[in-house]
Structure formats: C-alpha cells, structure tokens
Amino acid sequence: MSTPVIDTPVIDTPVIDTSVQPHFRYNAEIRQYLAAPHKLRAIPDVEQQWYQAPGGDYRTDLYGNGYPASDPETVARHLFDEGGVDVAILNPLTRGNIADYLLNSRICAAVNDWLLDRWLEPDTSGRFRGTIRVNPEDVKGAVTEIERLAEHPKMVQIGVPLQSREPYGKPMFEPIWEAAAAHGLPVAVHINGGNGVDHAPTFAGHAHTYPGYAAFMPLNYFVHLATLIVEGMFGRHPGLKFVFTDGGYDVLTPLMWRLDTFWMSMRDQTPWVDRYPSEYLPDHVRFCSSAFDGPTDAEHARRWLDFTDKAELLMYGSSYPHWSAVGPEVAVAGLNDQQREKMLWRNAADLYALEPQVEGRLK
C-alpha cells in the first residue's frame, strides 16, 4: 500500500500497541492445530462478529488473499514500518463462547499453538508478543493451559472474553486469576463475539443494533472490575492485574465515585476491602485506549485524565485491523507530553516488562 494503513506519521517516541487482533487466513486453518477427535467437529467460522459495523467490521482496504491481519509480514509493515510501532501485543479472538466447554478449551489451545507457530516463533525481531487464550467456563482447563505456556518468553498475558456467565470477581474463577498472578501475567479482557453460543455482550442482554452494542459493551468491564474489588480478589492476590482492552475509561471516574460511596456506607459487609475501591486501580487495572473514548476537546481531555489518575492506567491500543483502528498520534491528540509518554509506551513497558525492547527510541 502506498499510504500508511493507520494513517499517522512516525513519531519520535517509543510506541507499544497493546491491542492487535491477528486472524486466521481461512476457516479450516484452525483444524491443523486441533487433535484428531476435534478435527471434524462443527466449529464457528473465522468471521466472528454478531454485530457488523456499517461497511464491515474490518478495514476494507485490508482485504487481500486472506482475512485482514492474517499475514505477519503485512501486519509488521503496517504497524512497524509505516505506523511507528515498536512492539505489538497480539490478542487473537477465539470462536465465541461455545456451549461445549471442552471443545471451547481445545479451540483456545489451538489458537495459542497457531499464534506461536505462525506469528511468534518465526518473528526474529521480538516485536510481536502474544496472549494465552483460555476458557473461563473450564477453570481446570484454563489453569492447565496457563501452566503449559506461561514460561514462553513471548507470551505476556492471559486472554479471556468480556462476555461471561458470571462477573469475574466470583470465587469460581479465582484459580485462573491465581495462576495468572503467580506467573506475573496480566489478564486481558476483550469482547469476543462469535458464531458460537455466546453470552450476551451486556449483562442486561443483547443490543439490537451496532451503535448500541459498541456504546454499551465496555460497561461490562465495570461489573467485572467492581466484583474483583468487592469480592476481595485484588486483596488476596497482590500481583493480579487486569487489562480492559475495549476502552471505557471515559466512564471510569463516575462509576468509581459511586462504588467508593457505597463501599464507605456499607464497609462492614466487605471487611476484606481495606481501602477505597478506587485505590486499587493503580496496582491492578489498565485500559487499552483508542481515540473514541472521552472528551474530544484538548483541554477537557487533559483534565478528564487527571480524575482518578487515568493517565497512569491508559495504554495505546490501535484495535488493528478493525474499522476503528487509529494511529498513535491520533490516539494521544490533545494530551500533554507526560500523558502522551505514559499512554504510548511507559505504562505498557512497565506492565509487560518491555523497556529493553524500546530503549533504543528513548530520548
């Protein structure tokens, strides 16, 4: 392509893109990574979204011989050569929350093996890092998958779907979070729409239109976040960190104010929560951000980031190859130098221990 896909000039600061979704080239490719008993099972297609954005979910100029983001060399050119990105965190989607939880766990494992085989191990530059996808509906299987891959040097986080049968603070999920924390791996939560038997994209059910879906799905994160705090998950696991990759930080402040207020009024019911809920954020929570969250006015954007110290929590995520993919300069437009630095690379470098990979770009 003659122009950069994410349409941004290369900038003179490190950039870590924390939200990139690689795709299979074709539907049957995943079957190469399934064991014989599962190869002939009916599984959802690679086209995952229930809610299609107007004009399609992916950039129309990215379609070629395969699905967008299905060729590592092309993705590297778009992000690294043209987009100014130094390191990209790959978080592949699976095939939805399938009713057969054991099959869903095998699909997660197949996605992980494919990510290693096609993307991470052939990458000699070290600029691609990966996500271990696990199935929260199969707690034992999820822990087993974490133990299988946690020591791989290019796997930097655990991936679970935003949609869930229960909020992630419930005790049933604790063994997964305990395993993630024990290995120092953050848990990335990403909407994972598919053709399987999906849980609704909101805890109140299904939206009818894409605008409703897109506007409300990040609010699911707050249900997960509130229960992780109130159920004491962060208190029991000091090393546990969650990354909410679908944005929504713009509504974080009023929701945390509300949670702080109710906790203070009824703290006798949660004696294990030993501080204001909002005080857990710096040590345990991060958000991937695009240009669509929060105030668009520059002065208001800077001030809004100061509330709840959101500049400490934000990481740049392009959402490549989705229709909404934006470059780093667009994502930090209107922010001051300190806020830009934290969002573009410093917060992510601290979370994923990536400073050695970007030190050549440091001033």
Side-chain angles (χ1 to χ4, degrees), residues 4 6-20 79-80 83-89 91 129 156-157 186 188-190 218 221-222 225 241-257 260 276-320 324-363:
I6 53 177
D7 194 25
T8 183
V10 176
I11 56 179
D12 60 353
T13 183
V15 177
I16 299 174
D17 190 339
T18 59
S19 185
V20 175
L79 295 181
F80 304 144
V85 173
D86 293 270
V87 180
I89 310 297
N91 187 3
R129 299 305 172 97
V156 297
Q157 65 184 6
V189 185
H190 193 295
Y221 85 76
F222 189 74
L225 173 58
K241 299 180 187 296
F242 266 71
V243 178
F244 296 101
T245 66
D246 292 289
Y249 74 88
D250 52 323
V251 296
L252 176 67
T253 294
L255 291 173
M256 289 308 302
W257 284 342
D260 281 354
Y276 279 100
S278 59
E279 293 180 13
Y280 285 92
L281 297 178
D283 292 333
H284 297 282
V285 180
R286 297 295 182 268
F287 290 87
C288 299
S289 174
S290 73
F292 290 95
D293 289 344
T296 56
D297 178 85
E299 181 180 355
H300 291 162
R302 288 191 293 269
R303 292 182 62 193
W304 194 241
L305 279 185
D306 289 336
F307 286 111
T308 329
D309 294 323
K310 288 189 286 292
E312 307 293 332
L313 311 179
L314 289 182
M315 305 186 298
Y316 165 64
S318 68
S319 293
Y320 177 98
S324 57
V326 296
E329 279 289 2
V330 177
V332 297
L335 304 186
N336 62 41
D337 289 345
Q338 185 179 44
Q339 292 169 337
R340 285 163 53 92
E341 179 182 271
K342 289 179 179 179
M343 182 174 168
L344 287 178
W345 72 272
R346 188 172 292 280
N347 291 340
D350 291 343
L351 181 68
Y352 298 116
L354 291 175
E355 187 158 327
Q357 278 67 45
V358 301
E359 60 185 5
R361 292 277 301 277
L362 298 179
K363 294 181 179 179

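Values below: every heavy atom of this structure, side chains too, minus hydrogens, waters and symmetry copies.
When the side chain to side chain contact (heavy atoms under 4.5 Å, CB included) test is applied to Gln339, the partners found at least two apart in sequence or on another chain are Arg302, Leu305, Asp306, Ala311, Leu335, Asn336. Remark: Asp283 pairs with Arg275 by the side chain to side chain contact (heavy atoms under 4.5 Å, CB included) rule, at least two apart or across chains. Every side chain to side chain donor-acceptor pair (under 3.5 Å) that Asp86 has, sequence neighbours left out, goes to Arg361. Residues meeting the side chain to side chain contact (heavy atoms under 4.5 Å, CB included) test with Val156, sequence neighbours left out: Ile89, Arg129, Tyr352. The side chain to side chain donor-acceptor pair (under 3.5 Å) search around Ser19 returns Gln21, not counting sequence neighbours.
Annotation: Gln338, atom CD; neighbour count of heavy atoms from other residues, nucleotides and ligands within 6.0 Å does not exceed 12.
When all heavy atoms of Leu281 and Leu313 are compared, the pair lying nearest together is O-CD2, 3.8 Å. Of all heavy-atom pairs spanning Ser319 and Ser324, the tightest one is CB-OG, 4.4 Å. When every heavy atom of Ser289 is checked against every heavy atom of Met343, the shortest pair comes out as OG-CE, 3.4 Å. Across all their heavy atoms, Ala348 and Ile16 have their closest contact at CB-CG2, 3.8 Å. When every heavy atom of Asp17 is checked against every heavy atom of Gly317, the shortest pair comes out as OD1-CA, 3.5 Å.
Looking at heavy atoms from C-beta onward, Val285 lies out of side-chain contact with Tyr280 at the 4.5 angstrom threshold. Between Phe80 and Val85 the shortest side-chain heavy-atom distance falls below 4.5 Å. Counting heavy atoms from C-beta on, the side chains of Glu329 and Arg340 come closer than 4.5 Å. Using a 4.5 Å heavy-atom threshold, the side chains of Thr18 and Val243 count as separate.
Atom-to-atom distance recorded for Asp260:CG and Leu255:CG is 11.0 Å, nearest 0.5 angstrom. Taking CZ from Arg286 and CD from Gln157, the interatomic distance works out to 13.0 Å, rounded to the nearest 0.5 Å. The distance from atom CH2 of Trp345 to atom CG of Leu354, rounded to the nearest 0.5 Å, is 10.5 Å.
For residues 343-358, the set of pairs meeting the salt bridge (Lys or Arg N to Asp or Glu O under 4.0 Å) definition, not counting sequence neighbours, comprises Glu341-Arg346.
With Thr245 contributing its side chain and Val189 its backbone, the two residues share a donor-acceptor pair below 3.5 Å. For Asn347 (side chain) and Met315 (main-chain N/O), no donor-acceptor pair under 3.5 Å exists by modelled atom type.
Ring-plane geometry between Tyr221 and Phe287 is classed as perpendicular, the angle between the planes exceeding 60 degrees on a 0 to 90 degree scale with a lower cut at 30.
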- Task: Please report the C-alpha distance between Leu225 and Phe242 in whole Å, then the side-chain angles of each, then the deciding distance to 0.1 Å, and finally whether the side chain to side chain contact (heavy atoms under 4.5 Å, CB included) criterion is met.
- Result: CA-CA 8 Å; Leu225 173 58; Phe242 266 71; over 6 Å; no
